[in-house]
Structure formats: structure tokens, C-alpha cells
S.K.: 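My questions will all concern the structure given below.
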Number of protein chains: 2
Amino acid sequence: MARPRTFDEERALDAAVWAFWVKGYEATSTQDLCSATGLGRSSIYNTFSSKRELFTRALARYMDVMTAGQVAVLEQVERSAMERLRALFDVVIDGEFERRVEGRSVGCLTVNTTVEIAGRDPEIAELLARDLERRLASFRGVIEAGQRAGEISTARDADSLAPFINAVIGGMRVSAQGGADRAVLESVADTALVALSGVGSPSRVD
Amino acid sequence: MARPRTFDEERALDAAVWAFWVKGYEATSTQDLCSATGLGRSSIYNTFSSKRELFTRALARYMDVMTAGQVAVLEQVERSAMERLRALFDVVIDGEFERRVEGRSVGCLTVNTTVEIAGRDPEIAELLARDLERRLASFRGVIEAGQRAGEISTARDADSLAPFINAVIGGMRVSAQGGADRAVLESVADTALVALSGVGSPSRVD
DNA sequence: CGCGTTTTAGATAGATCAGTACAGAAACCG
DNA sequence: CGGTTTCTGTACTGATCTATCTAAAACGCG
């Protein structure tokens with residue numbers, strides 16, 4: 001029983017998430033993390049052990065929050081499957097245009113981490129894989145519902161279509177980081193939905 | 001006049017491309033570049049001025065080679081537009097499974113660079129943007145040909161569909177880095193082609 | 001065979017990196 | 001209010017980073 005912390009661990013973690021999100025793992029120094037969180041080095045190392053450990057906690061927190069948000073959108077049973085998928089894409093697109101630094105999207109920490117370090121760090125790759133599976137399961141659920149309701153083509157099963165949705169979202173995030181504007185991303189989303197419905201005309205309502 | 005170089009500049013550049021491709025810009029040290037190229041520090045700095053300069057030259061070379069390869073596939077006029085697009089996807093997928101380190105794809109240097117540094121380096125972002133425009137132009141050409149031939153839906157114009165193809169390819173590369181197997185990537189490609197044709201059934205011939 | 005020029009190798013510079021040591025401040029309990 | 005424990009700011013460590021400096025080596029040419 002002694003002196004309590006003067007900072008909130010979750011707030012510090014959120015600040016670290018943002019720092020890693022914007023600059024990536026390698027380019028973010030421990031000094032950057034001190035500045036971002038407002039903590040001293042001692043507090044950071046006392047609380048999070050190492051830069052890598054802090055990163056894995058930040059990544060885990062990011063994935064929890066973001067994936068939970070996406071899953072929540074996909075579980076709005078009062079909407080049709082197609083509406084839910086469109087809502088998912090809208091959430092993704094809105095995110096890309098809300099979270100920008102110097103006029104450019106910071107993308108998605110999951111995608112950024114997959115690209116930057118999944119290939120060299122099996123433990124982080126495993127964290128990413130678990131999150132991916134969670135998202136794919138959610139995608140599959142909506143797709144199956146859409147197929148039962150006749151909204152989504154049954155030419156391909158949900159196991160095949162879920163990775164397609166995931167790939168399109170990842171591609172949209174990379175495109176946003178590359179400078180794509182909103183109309184382009186919306187068009188990509190529309191086209192992807194066409195592929196799912198299996199009919200030749202998009203159905204976005206403006 | 002004076003002492004000639006004992007190394008080939010392009011070979012050194014290719015080695016640097018691979019080093020940056022595998023580890024990314026930040027994580028690749030100048031020592032890594034010396035090891036990869038077989039050159040001493042003096043030779044590298046004498047020839048390429050700085051790490052960043054070497055990176056921009058490596059990236060430019062990568063983009064030249066890769067984009068030229070993709071454009072060549074898309075300009076095989078003896079094949080139909082859909083066949084050319086399928087061939088493009090096949091080239092992408094084959095690449096993801098040919099270029100691996102420790103069982104994982106190294107992805108695409110263009111995508112990796114967009115994610116890692118486009119947001120913080122306008123000059124590199126500009127290089128990437130120019131390469132993107134070159135690829136999009138090639139995509140548009142094939143799409144328009146496909147639309148004239150009745151293979152590709154005219155519900156959306158080529159300006160809209162080209163970024164879709166780009167996004168799907170980017171998403172496939174990220175998926176590959178995340179551990180997706182070949183069947184998954186082929187399925188994603190098939191589904192994307194369905195979206196272009198605007199009909200409900202894929203046409204892969206095994 | 002030197003002379004001028006360029007490349008090369010290796011040592012070095014100075015900054016920055018992740019991480020630690022330590023001392024004192026702050027808060028709780030009795 | 002004293003003892004104890006935890007926290008926190010600062011100084012520091014050794015490694016590594018990018019980049020440069022120095023001097024020897026290697027070539028073409030007169």
C-alpha cells in the first residue's frame with residue numbers, strides 16, 4: 001500500500017496507440033512515447049516493461065476497440081445484410097477521413113502492423129491473426145444471413161467471400177494512405193458490394 | 001581517367017531494393033545495406049549520397065520494373081480484357097508466393113512504402129502517386145476495352161473501376177503478408193472479377 | 001613510370017536509440 | 001506523524017544509428 005499512480009493507464013495506452021498509428025513501430029522512439037503519453041521514462045518502463053511490450057498492449061487495445069466497433073455494426077439485426085455491409089464500409093471510409101495527419105489518412109494500425117512487422121515477429125503476427133479471425137467470423141455471419149435472405153449470391157460460400165471483404169477494406173485503407181479521395185473509396189465499396197450481390201448494378205442511395 | 005568502380009550500380013540497387021522490401025525503410029540500417037549490396041559504407045555514400053536517396057532510387061527502380069511487368073501483361077492484345085485482368089491477378093498472386101522470407105510474403109514495396117512513409121514524406125508520396133497513376137491508366141485501358149467488347153459491365157465507368165482493381169490488389173498483398181494462403185487469394189481475385197463482369201458466376205478455369 | 005583522379009576500406013564522429021540506476025517525492029497505513 | 005512502499009524525474013549506460021574523414025589502393029594517361 002503506497003503511492004498510487006497519477007496517470008490513467010488506459011489513457012496512456014490510447015496515446016501510445018495514436019503515436020504508433022501515426023509513425024509506425026520503428027519510427028516511434030521511446031521519447032516520442034513519453035511526449036505522446038505525457039509520462040516520464042520511468043513511468044513507461046515501470047508500467048509497460050519495454051517498447052515492444054507497450055506496442056503489443058497498444059495493438060491489442062486498438063484491435064479490441066476497432067473490431068468490436070465493426071462487429072457491432074455487423075450485428076444490427078434490424079438491418080438487412082447488405083445494409084450492414086454498406087454500413088461497415090461507411091464506418092471504414094469515415095474513419096479514414098476522420099483520422100488524418102497533415103492531410104493524409106493514418107490508415108489502420110492493424111494493416112500498418114501487418115505490413116511493417118508481421119513478417120519479422122511471429123508473436124505479433126499471431127495477435128493479428130487472432131483479430132483477423134474474429135473479423136472474418138463476423139463477416140461470415142452477415143454473409144450467411146444475406147445468402148439465406150437472397151441478398152447475396154450463393155455462387156460462392158461465406159468462407160470465400162469473407163476474405164474478399166477483408167481484402168477490399170485493407171485495399172481501401174492503403175488507397176486512403178496513398179491519397180485516394182472519398183469518392184474513390186465509396187466507389188470501391190460500391191463495386192465490392194456488387195460482387196457480393198452478384199448483380200450488375202450498385203445500390204448506393206445518396 | 002581514374003580508378004573504376006568494382007561493382008555494378010544496378011546490381012547494388014537491386015540488392016538494396018530487396019533489403020528495403022523485406023525489412024522496410026526504418027528497420028533497414030546502413031549496415032544492412034552494406035551487407036546486402038556487398039559494398040563498403042564509402043562506396044554506398046559515394047554512389048547514393050544518403051540512405052534516403054538510396055531508398056528513393058531503389059523505390060523508383062522497383063516501381064519501374066514491377067509496373068512495366070504489369071502493364072505488359074495488360075497490353076497483351078491477343079487476349080480478351082478479362083483474360084488480361086485474370087493474368088494480372090495471377091502475376092500478383094504468383095509474386096506473393098515466390099517472394100517470401102521465413103514462410104511469409106514480403107508483400108509489395110509500393111504498398112509497404114505507402115503504409116510506412118507516404119504520410120510523412122511528401123516527396124516519396126509523390127513518387128508513389130506517379131506510379132499509381134501509371135498503373136491506373138493501364139487498368140483503365142483494359143477496362144474500357146472490356147466494356148467495348150461487352151465483357152465488363154458498363155454500369156460503372158473505367159475511372160471508377162480502375163481504383164477498385166488497385167484496391168483489391170493492395171488488399172490481396174496485405175492479406176498475403178497476414179498469412180493468407182493461395183486458395184484465399186485466388187478466391188479474392190475471382191470475386192473481384194465477378195464484380196467487373198457484373199454477372200453472378202466466376203469463370204476461373206482450373 | 002609517376003601524376004591526377006576516383007574508389008575503397010576502416011576508423012571515427014556525434015547523435016540518438018532502448019533501457020536502467022538512483023534518489024527523492026508522494027501517498028498510504030498504523 | 002513515522003515507516004514503508006511505490007512512483008517519478010533525471011542522469012546515465014552501452015549499443016547502434018547515419019554519416020564523414022583519412023589515407024591507401026587502383027586505374028588512365030602523359
Side-chain angles (χ1 to χ4, degrees), chain A residues 1-60 109 112-113 116-117 120-124 127, chain B residues 1-60 109 112-113 116-117 120-121 123-124:
Chain A
M1 307 301 116
R3 178 178 176 181
R5 295 228 163 102
T6 59
F7 64 91
D8 181 75
E9 195 168 313
E10 283 209 340
R11 292 181 89 84
L13 211 46
D14 285 337
V17 166
W18 183 245
F20 284 126
W21 198 348
V22 172
K23 289 186 73 172
Y25 177 77
E26 297 289 347
T28 301
S29 69
T30 53
Q31 185 53 53
D32 289 334
L33 293 166
C34 291
S35 305
T37 59
L39 305 186
R41 310 176 79 69
S42 302
S43 300
I44 284 188
Y45 277 91
N46 191 36
T47 311
F48 302 107
S49 304
S50 71
K51 178 184 171 183
R52 187 177 174 285
E53 200 71 21
L54 171 53
F55 179 77
T56 61
R57 292 217 26 207
L59 176 61
L109 184 58
N112 297 1
T113 303
E116 189 186 358
I117 44 190
R120 313 181 265 123
D121 190 320
E123 188 185 326
I124 287 175
L127 287 177
Chain B
M1 292 297 267
R3 179 175 176 180
R5 294 228 163 105
T6 59
F7 64 92
D8 181 74
E9 194 168 313
E10 282 210 340
R11 293 180 88 84
L13 211 46
D14 286 337
V17 166
W18 182 244
F20 284 125
W21 197 348
V22 172
K23 289 186 73 172
Y25 177 76
E26 296 288 348
T28 301
S29 69
T30 52
Q31 184 52 54
D32 289 334
L33 293 165
C34 291
S35 306
T37 59
L39 305 186
R41 313 177 76 70
S42 302
S43 300
I44 285 188
Y45 278 91
N46 189 39
T47 311
F48 302 106
S49 304
S50 70
K51 178 184 170 182
R52 187 178 173 286
E53 201 71 19
L54 172 53
F55 179 77
T56 62
R57 294 220 19 210
L59 176 61
L109 184 59
N112 298 0
T113 303
E116 189 186 357
I117 43 189
R120 312 182 265 125
D121 192 319
E123 188 185 326
I124 288 176

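In the text below, chain A, chain B and the rest are named by the order of the sequence lines, each starting its count at 1.
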S.K.: Provide, to the nearest angstrom, the distance between the CZ atom belonging to A/Phe48 and the P atom belonging to C/dA18.
M.R.: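 One finds 16 Å between P of C/dA18 and CZ of A/Phe48, rounded.
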S.K.: With no hydrogens and no angle check, just 3.5 Å: does a side-chain donor-acceptor pair link A/Asp32 and A/Ser35?
M.R.: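 Note: A/Asp32 and A/Ser35 side chains miss the donor-acceptor criterion.
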S.K.: If you look at every strand shown and take non-hydrogen atoms under 4.0 Å, does B/Ser50 touch a base, only sugar-phosphate, or nothing?
M.R.: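 The answer is sugar-phosphate, as B/Ser50 gets under 4.0 Å only of primed atoms, P, OP1 or OP2.
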S.K.: At 4.0 Å (heavy atoms only), tell me whether A/Thr28 reaches a base, stays on the sugar-phosphate, or touches nothing.
M.R.: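 If one applies the 4.0 Å heavy-atom cut-off, A/Thr28 turns out to touch the sugar-phosphate alone, with no base involved.
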S.K.: Quick check: on DNA chain D, is the nucleotide nearest A/Ser43 upstream (toward 5') of the one nearest B/Ala27, or the reverse? Name the residue that is more 5'.
M.R.: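 Counting from the 5' end, the first nearest nucleotide belongs to A/Ser43.
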S.K.: Can you measure B/Glu53 atom CD to D/dT18 atom C1' for me and round it to whole angstrom units?
M.R.: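 Going from CD in B/Glu53 over to C1' in D/dT18 covers 15 Å.
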S.K.: How many Å lie between CZ on A/Phe55 and C1' on C/dA18, as a whole number?
M.R.: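 So the CZ-C1' distance, A/Phe55 to C/dA18, works out to 16 Å.
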S.K.: Would you mind telling me which of C/dA27, D/dA19, C/dC17 lies closest to the side-chain atoms of B/Lys51?
M.R.: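 Looking only at heavy atoms from C-beta outward on B/Lys51, the closest nucleotide is D/dA19.
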S.K.: From the list C/dA18, C/dT8, D/dT20, which nucleotide is the closest neighbour of the side chain of B/Arg41?
M.R.: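 Closest of the options to the side chain of B/Arg41: D/dT20.
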S.K.: Between A/Glu123 and A/Arg52, is a salt bridge (Lys or Arg N to Asp or Glu O under 4.0 Å) present by the stated rule, with each step listed?
M.R.: CA-CA 11 Å; A/Glu123 188 185 326; A/Arg52 187 177 174 285; 3.2 Å; yes
S.K.: Provide, to the nearest angstrom, the distance between the CD1 atom belonging to B/Ile44 and the P atom belonging to C/dA9.
M.R.: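 Going from B/Ile44 (CD1) to C/dA9 (P), I get 11 Å.
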S.K.: Contact class for B/Ser42 vs. all strands (heavy atom < 4.0 Å): base, sugar-phosphate, or nothing?
M.R.: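 Since a base atom lies under 4.0 Å of B/Ser42, the category is base.
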S.K.: On DNA chain C, check which nucleotide each of A/Asp32 and A/Ser49 is closest to and give me the residue with the more 5' one.
M.R.: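 The residue mapped nearer the 5' terminus is A/Asp32.
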S.K.: Going by an N to O cut-off under 4.0 Å, is there a salt bridge joining B/Glu9 and B/Arg57?
M.R.: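 Result for this pair is yes, salt bridge flagged.
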S.K.: Just the rounded figure in Å: distance from P of C/dA11 to CD of B/Gln31.
M.R.: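 Taking atom P of C/dA11 as the reference, CD of B/Gln31 is at 13 Å.
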S.K.: Between C/dA18, D/dT18, D/dT8, which nucleotide gets closest to the side-chain atoms of A/Phe7?
M.R.: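 For the A/Phe7 side chain, the nearest candidate turns out to be D/dT8.
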S.K.: Mind calculating the distance between CZ (B/Arg5) and C1' (D/dG28) to the nearest angstrom?
M.R.: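 Atom-to-atom, B/Arg5 to D/dG28, this comes out as 17 Å.
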S.K.: May I have the distance from A/Tyr25 (atom OH) to C/dC17 (atom P), rounded to whole angstrom?
M.R.: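 Checked: the OH to P distance equals 13 Å.
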S.K.: Is it the case that A/Lys51 places NZ or CZ above or below the six-membered ring of A/Phe20, under 6.0 angstrom from the centre and within 45 degrees of the axis?
M.R.: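 No, A/Lys51 does not lie over the aromatic ring of A/Phe20.
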S.K.: Counting only side-chain heavy atoms from C-beta out, which of D/dT8, C/dT20, C/dG4 sits nearest to B/Ala2?
M.R.: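 Of the options given, the side chain of B/Ala2 lies nearest C/dG4.
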S.K.: For atom CZ of A/Arg5, decide whether the heavy atoms of other residues, nucleotides or ligands shown that lie under 6.0 angstrom number more than 12.
M.R.: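 Enclosed: over 12 neighbouring heavy atoms sit under 6.0 Å from CZ of A/Arg5.
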S.K.: Grab the CG-P distance between B/Leu39 and C/dT8 for me, whole Å please.
M.R.: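 It works out to 7 Å between those atoms.
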S.K.: OP1 or OP2 of C/dC17 versus the side-chain N and O atoms of A/Thr30: is any pair under 4.0 Å?
M.R.: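 So the side-chain polar atoms of A/Thr30 never come under 4.0 Å of the phosphate oxygens OP1 or OP2 of C/dC17.
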